[in-house]
Each structure stands twice: as C-alpha cells, then as structure tokens.
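Heads up, the thing below is written out as structure tokens.
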Amino acid sequence: MQTINWYPGHMTKAKRELSEDLKLIDVVVEIVDARAPLACRNPDFEELFKNKIRVMLLNKCDLSSPQANREWIRYFQKQGVSVMELVSIGSGAKKNAVSFIEKAGEPVLKRYREKGVSKTLRAIVVGIPNVGKSTFINKLAGMTRAQVGDRPGVTRGKQWVKISPYLELMDTPGLLWAKLDDQDSAKHIAYIGSIRDDILNVEEIAGMLLCDLDRICPDELAKRYPKLAAVEDRSSLEAMLEGVCRSRGFILSGGVFDTERAARIVLDEFRAGKIVKIALERPEAENE
Ligand SMILES: Nc1nc2c(ncn2[C@@H]2O[C@H](COP(=O)(O)OP(=O)(O)OP(=O)(O)O)[C@@H](O)[C@H]2O)c(=O)[nH]1
Ligand SMILES: [Mg+2]
C-alpha cells in the first residue's frame, strides 16, 4: 500500500494558532468517529491539552453498531475519559451535549463564581477532518453557523460560535498528525473519509475496505453486492472490485471493468452507512 502522508500547510498553521488560543479555553471537546475511535485520536492532543479539562464525544454512532458504541464508552470510561455517545445530525444531540460540556466545565465556573464573576464557558471543538465538528456546533447553535461538507478539510480557520449566554464553542479545522505511521489506523481514517480522496489511490483503498468488510461482516457485504459471492481470491483487491462491477453493471465497452467507478461507489456507500452500520475497531482487539 502507498504510504499515506498528508500534512497540508493549513494544518500546520492551525496547530500553531491553537497553542496561542489555549489561554482562552476552559474545556477541550474532542470528537471521534464511532467506527474508528482509536485511529481518530490525535497523539499531539495529549501534550497540547495536558492542563485542560477534556471530554470526548463518540460521534456518528448511527453509523456504527449499538453494541460497539457501548463497548467503546465503557473502554474510554475505564481509562478515566469523560465520554458521551452522539449523533450530531440527530434530534436529541443538543440538550445532552450542552449539559455534558457545562458539567465538565463546572470547576472553572465555580472558581469564577467564588470571585463574584459570571463567566461564559469557552470550549474548543477538535478532532481529525470530517468527524462532524462543524455539524455538531451548528446543531448546538440551532442554525448553520459553520460550514459543513461530506469531505475532509471543509473548515479552514477557527471560528467562535455563541451557543447560549453561558457557552461559546470554537470550531477548528480537522487536524491530522504529521505522519500516519500505523497503517491500520491510516486505512481506517481513509475509509471514513478523513483523508482527501484525491491524494489517495481510491481503488486500492476501496479494495482494501472490501477485503476488510468481507472479514468483519461478509453477509451484509454480499447482500449489498451479490456478485461478490463468486469471487474466488478474496484477498485480491482487483477481483473484489470486479465483483462490485458485476453487481452494478459497471462494465465498459469491450468488457472492461470500471473499477474506479466501483471504488468510488463502495467508499460513498460505506461512509453513508449503506453497506453496514459497523465499527472497524473494537476494544477487545486492543486488549489482546
Ligand atoms: N450519519 C452521520 N453523519 C454525520 C454526523 N455528524 C456529521 N455527519 C456528516 O459528516 C460530514 C462531515 O461533517 P463536518 O461537520 O463538515 O465535519 P468536520 O469535522 O467539521 O470536518 P472538517 O471541517 O473537514 O475538519 C457531513 O456530511 C455531516 O453531515 C452523524 O452523527 N451521523
Ligand atoms: Mg468543519
């Protein structure tokens, strides 16, 4: 597989600015994708936010399985992480998340109250690209304040959004760490759409996704692309993509398989939860 190494200039700048803004920030809200929570964690955050109150939101829980969501919540809670399940596009998101963040910030608010000052809690929303940071902020604001999109790198600069007289959130651009040296994690964040497809080999990524799903959830995969059943070499990325071409009739004149089209469809359908709602990572595997 090609080495995925992506650290565009705007991320370097965003990271520098982030350290400068830290003085203003009371709470750090880290958003991860429920399908690959470990791959989403940015190791830089440990050092960057070491003196801050931190919470985690397990977002896009609607695209994973309830069982896996529960396991992840338990896993992070065991590590002392304050964590909550979330569906940013869902209707219940606002009320729960606001009280979750306010509760986390209570020690700060209390300190100010004791001095007779009523303070607005300021929280920064961080996470790798495309995990739903801006969608979350818009949901809490009750309107579109931050630009969103179904691709990474939508938010380019920081932006403060007022949620209530007592809470302000700062949207930030998605940050990926300098080198994605764990290739399993790199694969997972490519699958969930956190790395721009135009710098990836989409056929390779989609082929690997098919092979991985074939191991994790063969029945759901075969249901979506029935002609995959006839593929003999199930570790061949090309043969698997051809199985998708057969299932969807993506065959060009001369009988050539349009594997690029198949690859884009597979990635789109997986990211939208149309193939299966499943976690790519499970906590048990971490304990082994
Ligand atoms: N199914 C589902 N989709 C979601 C959820 N939250 C966000 N999305 C979708 O995920 C995509 C990315 O959302 P954004 O809010 O732009 O993500 P971001 O983290 O701000 O991305 P960058 O600005 O690129 O770092 C959009 O298509 C959202 O509609 C969720 O809970 N469930
Ligand atoms: Mg954004």
Side-chain angles (χ1 to χ4, degrees), residues 6-15 17-18 21 28-37 39-42 44-45 55-66 68-69 72-73 83-98 100 123-161 163 169-177 180 188-200 264 267-280:
W6 184 52
Y7 204 64
H10 82 268
M11 287 197 193
T12 316
K13 181 160 163 269
K15 204 171 145 194
E17 286 185 357
L18 207 59
D21 290 329
V28 177
V29 178
E30 179 180 356
I31 301 196
V32 297
D33 187 312
R35 292 166 297 175
C40 285
R41 298 209 78 187
N42 188 329
D44 294 346
F45 289 173
V55 297
M56 183 196 270
L57 299 174
L58 193 68
N59 192 34
K60 305 201 184 186
C61 278
D62 58 318
L63 298 180
S64 190
S65 72
N69 294 337
W72 279 119
I73 294 287
V83 59
M84 190 188 106
E85 279 189 38
L86 180 71
V87 179
S88 278
I89 54 168
S91 53
K94 179 168 179 170
K95 194 163 158 272
N96 294 341
V98 169
F100 182 66
I124 187 173
V125 179
V126 296
I128 67 169
N130 204 42
V131 292
K133 299 176 294 299
S134 302
T135 306
F136 171 69
I137 289 174
N138 288 338
K139 178 58 98 183
L140 264 54
M143 61 178 109
T144 305
R145 295 292 305 277
Q147 197 191 345
V148 303
D150 61 353
R151 58 191 187 282
V154 173
T155 303
R156 285 310 172 105
K158 62 179 182 190
Q159 180 187 1
W160 281 105
V161 176
I163 304 301
L169 296 182
M170 187 204 249
D171 194 12
T172 61
L175 291 173
L176 278 183
W177 47 108
L180 300 165
H188 291 171
I189 61 181
Y191 295 166
I192 63 172
S194 294
I195 301 177
R196 279 167 34 210
D197 282 335
D198 57 358
I199 67 129
L200 294 173
R264 293 194 188 281
L267 290 174
D268 281 354
E269 294 189 347
F270 174 73
R271 289 168 186 168
K274 288 180 184 162
I275 300 176
V276 60
K277 298 185 195 315
I278 211 166
L280 299 162

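Order of appearance sets the numbers: ligands from 1, and atoms from 1 within every ligand. FYI, side chains are in, hydrogens and waters are out, and symmetry mates aren't considered; it's all heavy atoms of this structure.
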Between Ile128 and ligand 1, is there a nitrogen or oxygen pair with a distance under 3.5 Å?
-> no
If the Mg ion (ligand 2) is the vertex, what is the angle to OG1 of Thr155 and OG of Ser134, rounded to 10 degrees?
-> 90°
Ligand 1 contacted by Gly127 (non-hydrogen, < 4.0 Å) = no
Starting from atom 14 (P) of ligand 1, locate the nearest protein heavy atom and write down its residue, its atom name and how far away it is, to 0.1 Å.
-> Thr135 OG1, 3.5 Å
Polar-atom distance check: Gly132 versus ligand 1, any N or O pair below 3.5 Å?
-> yes
Any atoms of ligand 1 less than 4.0 Å from a non-hydrogen atom of Lys133? List them with their elements.
-> 15 (O), 17 (O), 18 (P), 19 (O), 20 (O), 21 (O), 22 (P), 25 (O)
Does Pro152 reach ligand 1 with a nitrogen or oxygen that is under 3.5 Å from one of the ligand's nitrogen or oxygen atoms?
-> no
Has ligand 1 got any nitrogen or oxygen that is less than 3.5 angstrom from a nitrogen or oxygen of Gly153?
-> yes
For atom 8 (N) of ligand 1, which protein heavy atom lies nearest, and how many Å away is it?
-> Lys60 CE, 3.7 Å
Charged N-O contact under 4.0 Å between Asp150 and Arg271 | no
Heavy-atom nearest neighbour of atom 32 (N) of ligand 1 within options Val148, Asp62, Thr155 | Asp62
To the nearest 0.1 Å, how far is atom 26 (C) of ligand 1 from its closest protein heavy atom, and which atom is that?
-> Gly149 O, 3.5 Å
Which is it for Asp171 and ligand 1 at heavy atoms under 4.0 Å: side chain, backbone, both or neither?
-> neither
Examine Asn130 against ligand 1 and note whether any of their N/O atoms are separated by less than 3.5 Å.
-> yes
Do Thr172 and Asp21 come within less than 4.5 Å of each other through their side chains, counting heavy atoms only?
-> no
